[in-house]
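The next block holds one structure in the form of structure tokens; read it before the comments.
Below, chain A is the first sequence line, B the second, and so on; all start at residue 1.
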Amino acid sequence: MPELPEVEILVRHLEPLLVGKTIEEVHVRRAKVLAPTSVRELRQSLRGATFVALSRRGKYLVFELRRGTDAKLLTLLGHLGMTGRMYLQDAQTSLPKHAAVILRCGSQNFVFEDTRYFGRFTLDTTVLGDLGPEPLNAEFTAAVFGEALSRSGQAIKIKLLDQRLVAGLGNIYASEALFRAEVSPRIPARRLAGEEVARLWKAMRWVLREAITRGSTVPLRYAGEGRGDGLFYFGRSTETPTGYEEQLRVYDRQGRPCPKCATTIKRFVQAARSTFFCPKCQPGRRGKAKRGEGRKKDSLKTRR
DNA sequence: CACCATGTTCCTTG
DNA sequence: CCAAGGAACATGGT
């Protein structure tokens, strides 16, 4: 469930539940998610610590804790990777198969579970320093965005996934924002016209805000079973068991009609990731053929 | 069995 | 040093 809107909703959900709670026991079942923090270091730091605040930076969850009244604040960084979840449950409740870290706070467990273990739960916060601006903050103006784009010849879709450019978009919202802006995912970043930059800047923010709004109005079950939990960008539906369904316009909709013009949505691969777009609403540049696109060279890789 | 998956990081090549 | 491309990480769904 991990792009900016999902993390934002999760942070808003957890913040009031966690603040004031004190960790009594720390259990690590998959040490790799802590790296480079060691199990011992995490346990020593967190045992007896109280949650003071929780916020979000890009797709990261930033937990702030304090041990004792005067002690310094410590920061715990969380990331959901592709399949991570975080939630509180009764300490009696059985733990999920892929629980990576469990923090017992009184009668409740704060659980970080992650099926694929791509997520993070660490005291090392250095990655935050490499993140670009928050797309929904005032500092992130269209001019700032355009300036950043002008320094790259890489396809715009790929740049949108670069967390150093702007922090928080992932593969879903990158395609969604480009569709809303009616910009082709293949255009080299620095080739976007000024008005295209402006449209994309606006569309990114609209798409992210829309997802947060929708997520806020849907009854999510953070610890629940079943797919779709914690995922959103939902709208009401009479066809699904939950009564809600995702409202994505192009993501994972190849072969289906474009919601604007009914042209068939296409899928192709960029930087080893799927991109979805409407060839009519998001036409590529005419004129120059792009080389190195749609056909890859045979780089024979050698093993180390 | 084959392929695909919401993310980040490391390695290689140019 | 930088940019770009791809594989790796680990598990599950279709």
Side-chain angles (χ1 to χ4, degrees), chain A residues 1-10 29-36 57-61 77-86 96-100 113-122 124-132 148-177 186 188-190 207-208 211 215 220 225-234 246-248 250-255 267-276 290-304:
Chain A
M1 65 180 261
E3 294 187 32
L4 184 152
E6 290 80 7
V7 178
E8 177 64 26
I9 293 298
L10 178 60
R29 293 196 168 181
R30 186 65 70 120
K32 86 157 265 208
V33 306
L34 311 182
R57 180 76 174 90
K59 303 172 193 173
Y60 289 88
L61 296 99
L77 204 60
H79 194 292
L80 299 171
M82 300 268 270
T83 53
R85 295 172 138 196
M86 292 185 190
K97 181 178 180 184
H98 299 293
E113 76 161 295
D114 186 358
T115 305
R116 290 168 72 178
Y117 301 110
F118 286 179
R120 314 272 291 137
F121 203 79
T122 180
D124 175 31
T125 61
T126 54
V127 288
L128 293 181
D130 290 328
L131 293 180
L149 294 180
S150 73
R151 284 184 270 110
S152 173
Q154 202 166 29
I156 183 59
K157 158 63 167 23
I158 297 171
K159 287 314 287 182
L160 290 181
L161 298 180
D162 183 348
Q163 304 297 298
R164 295 169 304 181
L165 182 84
V166 55
L169 275 89
N171 209 36
I172 292 177
Y173 296 109
S175 280
E176 293 294 313
R186 304 185 211 253
R190 70 164 64 97
V207 161
L208 295 172
L220 300 173
E225 288 305 310
R227 20 188 321 234
D229 275 350
L231 276 176
F232 47 83
Y233 204 62
F234 285 118
E246 286 174 283
Q247 294 292 296
L248 302 173
V250 290
Y251 182 81
D252 203 22
R253 296 179 64 84
Q254 70 275 28
R267 168 189 181 274
F268 73 109
V269 174
Q270 289 179 293
R273 318 264 292 165
S274 292
T275 297
F276 303 88
K290 312 185 221 337
R291 295 181 306 272
E293 198 124 20
R295 173 166 287 282
K296 65 179 67 143
K297 319 160 186 56
D298 46 310
S299 56
L300 307 184
K301 64 278 173 189
T302 52
R303 317 194 85 253
R304 283 179 290 113

Verify the contact: side-chain N or O of [X] to OP1 or OP2 of [N], cut-off strictly under 4.0 Å; return yes or no.
| X | N | result |
| --- | --- | --- |
| A/Lys59 | B/dT6 | no |
| A/Ser274 | B/dA5 | yes |
| A/Thr83 | C/dG13 | no |

Interatomic distance, [X] [atom1] vs [N] [atom2] [rounded to whole Å]:
| X | N | atom1 | atom2 | value |
| --- | --- | --- | --- | --- |
| A/Asp162 | B/dG7 | CG | P | 13 Å |
| A/Leu80 | B/dT8 | CG | P | 10 Å |
| A/Leu160 | C/dA4 | CG | P | 14 Å |
| A/Leu161 | C/dA4 | CG | C1' | 14 Å |
| A/Lys159 | C/dA4 | NZ | C1' | 10 Å |
| A/Gln270 | C/dG6 | CD | P | 11 Å |
| A/Phe268 | C/dG5 | CZ | C1' | 15 Å |
| A/Arg85 | B/dT6 | CZ | P | 17 Å |

Legend entry - Proximity to the side chain of A/His79 - top-ranked nucleotide from B/dT6, C/dA4, B/dT8: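 Nucleotide nearest to A/His79's side chain: B/dT8.
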Measure the shortest side-chain to side-chain distance between [X] and [Y] over non-hydrogen atoms and say whether it is less than 4.5 angstrom.
| X | Y | answer |
| --- | --- | --- |
| A/Ile156 | A/Leu149 | yes |
| A/His98 | A/Asp114 | no |
| A/Phe276 | A/Ser274 | yes |
| A/Phe118 | A/Thr83 | no |

Legend entry - Shortest non-hydrogen contact between A/Leu10 and A/Met86, atoms and distance: CD1-O, 3.6 Å
Legend entry - Non-hydrogen atoms of A/Ala167 and A/Leu131 that approach each other most closely: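 It is CB-CB, 4.2 Å.
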Legend entry - Watson-Crick or G-U wobble partner of C/dA10, both distances under 3.5 Å: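 No nucleotide pairs with C/dA10.
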Inset, instruction - Quick one: look up who B/dT6 pairs with, Watson-Crick or G-U, both distances under 3.5 Å, and put none if it's unpaired. - result: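 Per the H-bond distance test, none.
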Just call it for [X]: base, sugar-phosphate, or nothing, with non-hydrogen atoms closer than 4.0 Å on any strand.
| X | result |
| --- | --- |
| A/Gly119 | nothing |
| A/Arg267 | sugar-phosphate |
| A/Arg273 | base |

Inset, instruction - Take atom C1' in C/dA4 and the same atom in B/dT6, then report the distance between them in whole Å. - result: 23 Å
Legend entry - Interatomic distance at P, B/dC11 relative to C/dA10, whole Å: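 To the nearest whole Å, 15 Å.
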Show me the protein contacts with nucleotides 9-12 of chain C, counting only N or O atoms at under 3.5 Å.
unit_1 : atom_1 : unit_2   : atom_2 : d
C/dA10 : O4'    : A/Arg116 : O      : 3.1
C/dA10 : N1     : A/Arg116 : NE     : 3.0
C/dA10 : N1     : A/Arg116 : NH2    : 2.5
C/dA10 : N3     : A/Arg116 : NE     : 3.1
C/dT11 : OP1    : A/Arg30  : NH2    : 2.9
C/dT11 : O3'    : A/His98  : NE2    : 3.2
C/dG12 : OP1    : A/Lys97  : NZ     : 3.0
C/dG12 : OP1    : A/His98  : NE2    : 2.7

Inset, instruction - Identify whether NZ of Lys or CZ of Arg in A/Arg186 sits under 6.0 Å from the centre of the six-membered ring of A/Phe268 and within 45° of that ring's axis. - result: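 Checked: cation-pi criterion met.
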Legend entry - Those residues of residues 163-171 of chain A lying under 4.0 Å from DNA chain B by at least one heavy atom: A/Gln163, A/Gly170, A/Asn171
Legend entry - Approximate separation, where rounding is to 0.5 Å, of A/His79 NE2 and A/Met82 CE: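 A/His79 atom NE2 to A/Met82 atom CE measures 11.0 Å (nearest 0.5 Å).
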Legend entry - Distance, nearest 0.5 Å, that separates CZ of A/Arg57 from CG of A/Leu4: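 Taking CZ in A/Arg57 and CG in A/Leu4, the distance rounds to 10.0 Å.
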Inset, instruction - Could you check A/Lys157, A/Gln254, A/Arg267 and say which one makes a side-chain hydrogen bond (donor to acceptor under 3.5 Å, both in side chains) with A/Thr275? - result: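 Per the side-chain hydrogen bond (donor to acceptor under 3.5 Å, both in side chains) rule, the option paired with A/Thr275 is A/Lys157, out of A/Lys157, A/Gln254, A/Arg267.
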